[in-house]
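Chain letters run A, B, ... following the sequence lines, proteins first and then strands; every chain starts at 1. What's counted below: heavy atoms across the whole structure, side chains too, no hydrogens, waters or symmetry copies.
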There are 2 protein chains.
Amino acid sequence: MDRRLTQRGKERKRQLMDFAATRFAESGYHPTSVAEIVEGMGVGKGVFYWYFASKEELLLEILREAQLDMRRRQQSEMGDSTDPVDRLESGIRATMYWLAEHRDLMSLFEFAQADEHFGPLLRPGRDNSMSDVMRHVQEAMVAGRVPNGDPFVVSHAIIGVTNHLARVFILGREEPAEDVAQAAIMFCRSGLLGQRGGTGCRLR
Amino acid sequence: MDRRLTQRGKERKRQLMDFAATRFAESGYHPTSVAEIVEGMGVGKGVFYWYFASKEELLLEILREAQLDMRRRQQSEMGDSTDPVDRLESGIRATMYWLAEHRDLMSLFEFAQADEHFGPLLRPGRDNSMSDVMRHVQEAMVAGRVPNGDPFVVSHAIIGVTNHLARVFILGREEPAEDVAQAAIMFCRSGLLGQRGGTGCRLR
DNA sequence: GTCGAACTTGACCGGTCGGTCTAGTTTTCC
DNA sequence: GGAAAACTAGACCGACCGGTCAAGTTCGAC
């Protein structure tokens, strides 16, 4: 679906994607019909198929854009520090903030990841983010900041903590991103460095 | 759907549930039609609706049974030890083994958890498992085996690591449950105790 | 002003879905 | 052996789904 779009066209497409994302997040991808989307926006069905080849393509585009945006945020946030562990923490914090700002997209990720069809299509993007994390873990190990181990496993453990806490505390309980980030960092840090952080956890 | 079932009836129902679980795991819940299930089993549609009120009920029953079975396994495995941290580790190990033995059900959980309709229905069961974990964390904190903190957050962090590593290494890469359990335990332990375990990780 | 591209409408289509129902067969139990 | 209960088959149903299309409108470039 490669169409030359005018400014107006781009705006329409944006509206469609945003609206669909909320509906998908609210009611689920399968249960939300194309008819529902266009009716909800008060436009004809032709509009939908002018901008997207299919319902599936729409979701894919939403997902791709979201992955890209999240990764950009993570990378820009992780850029500054010289210490690899600090960079990791910035990454966790950036992730939490992004997810808190895009709760719809978070639940869309949840769905897509578990889905037999869409899950595999998410892989490339996830692998990219994964290798971002892994690079810093590896660097931290080389620098002796973190005990040696399999960086792949450790990276996945970090991602597991981050994602799960995000799901429970941000998606489920709407806690402030900063607090959740702190909790995740604290657990990961103790896991990584073998020492307990000072202050207690603010969460709850 | 409360029917008196003969032995034969119970077996049929079992077959239906097992077969449906595999199909749901392979192709997804929504894309798998009731017609597909009964055709795949070589029976008529009447059979399906004799045992289940609806497609949704079927999934619910599968899910409920699976949750119960997993929890039983976790509890029986966690029972022995006097040390709360050991119990936690046994729980992680039990979880990994169970998930490795029921990969279909694991991906069904993934789906249901992310689903807008089924997700909430999974809550009660998850809350039960959650409080099992939390009890031991709390006990470990009281006993001074683990630094103080919010047991709710720490428990979720443990669950996050366990589930994510299971998803990646057991569902995705079919690694041995024992190795994955070791990896999860190692990460959680360092996180919990502030000390690095001795041996390196066997995974990969 | 005009012409083609961008955009929009909504009736329509074939197909599939979850679920019903009737008519039948088998099993169980007295 | 006979009646009731358990079980099975599969044609059938209305609803809805994703997607098409012909026709019409608006916009922007020249």
Side-chain angles (χ1 to χ4, degrees), chain A residues 1-24 26-63 108 111-112 115-118 121, chain B residues 1-24 26-63 108 111-112 115-118 121:
Chain A
M1 188 67 30
D2 280 340
R3 282 202 204 281
R4 289 190 56 211
L5 299 181
T6 62
Q7 189 54 31
R8 174 183 163 211
K10 286 179 193 166
E11 280 161 20
R12 253 272 184 272
K13 192 172 175 181
R14 247 279 68 75
Q15 287 171 11
L16 247 350
M17 286 174 69
D18 289 345
F19 188 80
T22 8
R23 297 293 272 233
F24 287 160
E26 270 170 18
S27 326
Y29 171 75
H30 289 295
T32 303
S33 66
V34 175
E36 241 174 287
I37 294 171
V38 294
E39 273 160 33
M41 287 198 42
V43 300
K45 232 180 195 182
V47 173
F48 185 97
Y49 286 97
W50 177 260
Y51 294 103
F52 305 100
S54 65
K55 188 188 172 187
E56 183 185 327
E57 272 258 334
L58 161 65
L59 178 60
L60 248 29
E61 204 148 336
I62 293 172
L63 252 23
L108 227 49
F111 156 74
D115 186 82
E116 290 64 28
H117 180 70
F118 293 106
L121 303 175
Chain B
M1 189 70 21
D2 280 339
R3 284 203 204 279
R4 289 189 56 212
L5 299 180
T6 63
Q7 190 54 33
R8 176 182 163 215
K10 286 179 194 167
E11 281 161 19
R12 255 276 182 270
K13 191 172 175 180
R14 247 278 70 74
Q15 287 170 12
L16 246 351
M17 284 174 70
D18 289 345
F19 187 79
T22 10
R23 296 293 272 234
F24 287 160
E26 270 171 18
S27 326
Y29 171 75
H30 289 294
T32 302
S33 67
V34 175
E36 240 173 286
I37 294 171
V38 295
E39 274 160 33
M41 288 198 44
V43 299
K45 235 181 194 182
V47 174
F48 186 97
Y49 286 97
W50 176 259
Y51 294 103
F52 304 100
S54 64
K55 187 187 171 188
E56 181 185 328
E57 273 259 333
L58 162 65
L59 178 61
L60 249 27
E61 205 148 335
I62 293 173
L63 253 21
L108 227 50
F111 157 74
D115 186 82
E116 289 66 27
H117 181 70
F118 293 105
L121 303 174

Nearest-angstrom distance from the residue atom CD of A:Glu11 to C1' of C:dT8: 16 Å

Touch class at under 4.0 angstrom, heavy-atom based, for B:Gly9 against every strand present: sugar-phosphate

5' to 3' contact window, DNA chain D with chain B (heavy-atom distance under 4.0 Å): D:dA6 to D:dG10

Closest heavy-atom pair and its distance - A:Ile62, A:Ala20: CD1-CB, 4.3 Å

Criterion side chain to side chain contact (heavy atoms under 4.5 Å, CB included) on A:Arg14 and A:Lys10, from CA distance to verdict: CA-CA 6 Å; A:Arg14 247 279 68 75; A:Lys10 286 179 193 166; over 6 Å; no

Contact list for DNA chain D against residues 52-63 of chain B - heavy-atom distance below 4.0 Å: none

Sugar-phosphate, base or nothing in reach of B:Arg3, heavy atoms under 4.0 Å: nothing

Check: B:Thr22 side chain, B:Phe19 main-chain N or O, donor-acceptor pair, under 3.5 Å: yes

Whether B:Phe118 and B:Phe111 hold their rings parallel, tilted or perpendicular, with breakpoints at 30° and 60°: tilted

Touch class at under 4.0 angstrom, heavy-atom based, for A:Val47 against every strand present: base

Stepwise side chain to side chain contact (heavy atoms under 4.5 Å, CB included) test for B:Val47 and B:Val38: CA-CA 8 Å; B:Val47 174; B:Val38 295; 5.6 Å; no

d(CE, A:Met41; C1', C:dG10) in whole Å: 16 Å

For atom CH2 of B:Trp50 and atom P of C:dT25, their distance in whole Å: 17 Å

Residue closer to the 5' end of DNA chain D, A:Thr32 versus B:Leu5 (nearest nucleotide): B:Leu5

Rounded distance in Å - CZ (B:Arg4) to C1' (C:dC29): 10 Å

Nearest-Å distance for atom pair CZ/P, residues B:Arg8 and C:dT27: 5 Å

Distance below 4.0 Å between A:Arg12 side-chain N/O and C:dT8 OP1 or OP2: yes

Whole angstrom value for the distance that separates C1' of C:dA6 from OH of A:Tyr51: 8 Å

Closest to the B:Lys45 side chain, choosing from C:dT8, C:dT20, C:dC17: C:dT20

Atom of A:Pro31, atom of A:Glu36 and distance for their closest heavy-atom approach: O-OE1, 3.5 Å

Criterion side chain to side chain contact (heavy atoms under 4.5 Å, CB included) on B:Leu58 and B:Tyr51, from CA distance to verdict: CA-CA 9 Å; B:Leu58 162 65; B:Tyr51 294 103; over 6 Å; no

Nucleotide C:dG15, atom P - distance to CD of B:Glu36 in whole Å: 17 Å

Audit row: A:Thr32, A:Glu26, side chain to side chain contact (heavy atoms under 4.5 Å, CB included) steps and yes/no: CA-CA 9 Å; A:Thr32 303; A:Glu26 270 170 18; over 6 Å; no

B:Trp50 backbone acceptor or donor facing B:Arg3 side chain under 3.5 Å: yes

Nucleotide C:dA11, atom C1' - distance to OH of A:Tyr49 in whole Å: 15 Å

Residue pairs involving residues 41-59 of chain B (criterion salt bridge (Lys or Arg N to Asp or Glu O under 4.0 Å); sequence neighbours excluded): none

Sugar-phosphate, base or nothing in reach of A:Val43, heavy atoms under 4.0 Å: sugar-phosphate

